[in-house]
Amino acid sequence: MAQRLATNYAKAYFTVNEEELNQFVSLFTNEHISVQVKVCDNGDRDVILNDKNGEIQLSFCRVGSRYSCDSSYLIRDRQLANAMRKAMKAFRGYGIVHRIYDGFTMVYHYDQGSVVSIQELTGDEEVSIFENNSLHMANELEALFQQDGSEQEIESLRQETDRWLDLRNWAKRTAPEKLPAIDVRLVTLSRRLFELEV
């Protein structure tokens with residue numbers, strides 16, 4: 001099996017709240033990685049990870065009640081690389097990660113902590129190893145679910161139906177000649193409601 005030489009986080013992005021930031025730090029201490037946290041005057045936090053090859057500084061900028069970290073770094077220590085992989089998954093990170101081996105590089109693309117694609121780079125050649133389209137599909141379905149246009153149209157149609165029913169009750173007593181036109185409109189509204197609610 002090929003020996004990994006280094007892991008290059010060409011781009012890594014995390015966004016966390018204060019509790020999650022503490023959990024982020026704990027993840028590394030639980031993996032026996034030396035961690036220092038510096039609190040800046042403006043509330044930002046610098047998380048410094050130390051291994052036998054040096055240190056990696058992750059700057060978490062405070063925006064309201066959340067902290068975001070957008071950085072890049074090279075990891076040579078396998079234990080730290082494995083801990084960072086766990087952090088990427090646990091804290092739903094985004095990133096492009098190059099796992100460098102002798103003679104080739106594996107490029108992992110992360111979206112919300114999940115690997116969405118893997119390519120193998122050998123010299124000038126790039127081969128797609130894995131492509132996860134289900135995450136993209138899930139994101140599209142979530143966006144559709146969040147759209148409430150149908151619910152708004154249903155509510156509007158119900159309100160309009162109520163007005164036409166009130167008008168029908170009035171017409172029954174005072175203008176019966178208007179009932180056929182009112183009934184046609186009510187049939188149209190009820191059909192549309194049925195289409196939207198099915």
Kindly indicate whether the side chain of [X], heavy atoms from C-beta on, has any atom under 4.5 Å from the side chain of [Y].
X: M84; Y: N82; answer: no
X: W164; Y: T161; answer: no
X: N8; Y: I100; answer: yes
X: Q57; Y: V47; answer: no
X: R85; Y: Y110; answer: yes
X: I48; Y: N50; answer: yes

What residues, two or more places apart in sequence or in another chain, satisfy side-chain hydrogen bond (donor to acceptor under 3.5 Å, both in side chains) together with [X]?
X: K172; result: none
X: N17; result: none
X: Q23; result: E19

Honestly curious: do [X] and [Y] fall in one hydrophobic cluster under the side-chain, below-4.5 Å linking rule?
X: F130; Y: M88; value: yes
X: I118; Y: L5; value: no
X: F14; Y: V39; value: no
X: L27; Y: L49; value: yes
X: V127; Y: V115; value: yes

Rounded to the nearest 0.5 Å, what's the gap from [atom1] on [X] to [atom2] on [Y]? Could you check?
X: L179; Y: N169; atom1: CG; atom2: CG; result: 9.5 Å
X: I56; Y: R76; atom1: CD1; atom2: CZ; result: 10.5 Å
X: E120; Y: S128; atom1: CD; atom2: OG; result: 11.0 Å
X: H32; Y: Q79; atom1: NE2; atom2: CD; result: 7.0 Å
X: I75; Y: R4; atom1: CD1; atom2: CZ; result: 9.0 Å
X: Q119; Y: E125; atom1: CD; atom2: CD; result: 13.0 Å

* **Pairs where residues 51-60 contributes a residue and the test salt bridge (Lys or Arg N to Asp or Glu O under 4.0 Å) is met, not counting sequence neighbours** => K52-D77
Quick one: salt bridge (charged side-chain N to carboxylate O under 4.0 Å, His left out) partners of [X], sequence neighbours excluded?
X: R92; result: none
X: R168; result: D183
X: E31; result: K86
X: D46; result: none

Minimum heavy-atom distance [X]-[Y], with the two atoms named:
X: A87; Y: F28; result: CB-CZ, 3.9 Å
X: G43; Y: Y67; result: O-CE2, 3.3 Å
X: R62; Y: D44; result: N-OD1, 2.8 Å
X: T7; Y: A81; result: OG1-CB, 3.7 Å
X: S72; Y: A10; result: CB-O, 3.2 Å
X: R99; Y: Y108; result: NH1-CZ, 3.2 Å

* Asked: Any sub-3.5 Å donor-acceptor pair from T105's side-chain atoms to Y101's backbone N or O?
  -> no
* Asked: Rest of the hydrophobic cluster containing Y13 (Ile/Leu/Val/Met/Phe/Trp/Tyr, side-chain heavy atoms under 4.5 Å)?
  -> Y94
* Given a cutoff of under 4.5 Å between side-chain heavy atoms of I, L, V, M, F, W and Y, with clusters grown through shared members, what are the other residues clustered with I96? -> V107, L121
* Structure fact -> ring-ring contact (aromatic ring centres under 6.0 Å, His included) filter on Y73, not counting sequence neighbours, yields Y9
* **With sequence neighbours excluded, residues passing ring-ring contact (aromatic ring centres under 6.0 Å, His included) with F91** => F24
* To do: Would you sort out whether L189 and R158 count as a side chain to side chain contact (heavy atoms under 4.5 Å, CB included), showing the intermediate values?
  => CA-CA 8 Å; L189 290 169; R158 285 182 178 156; over 6 Å; no
* Chi angles and distances behind the salt bridge (charged side-chain N to carboxylate O under 4.0 Å, His left out) call for R66, E20 -> CA-CA 9 Å; R66 296 193 68 79; E20 291 168 332; 3.7 Å; yes
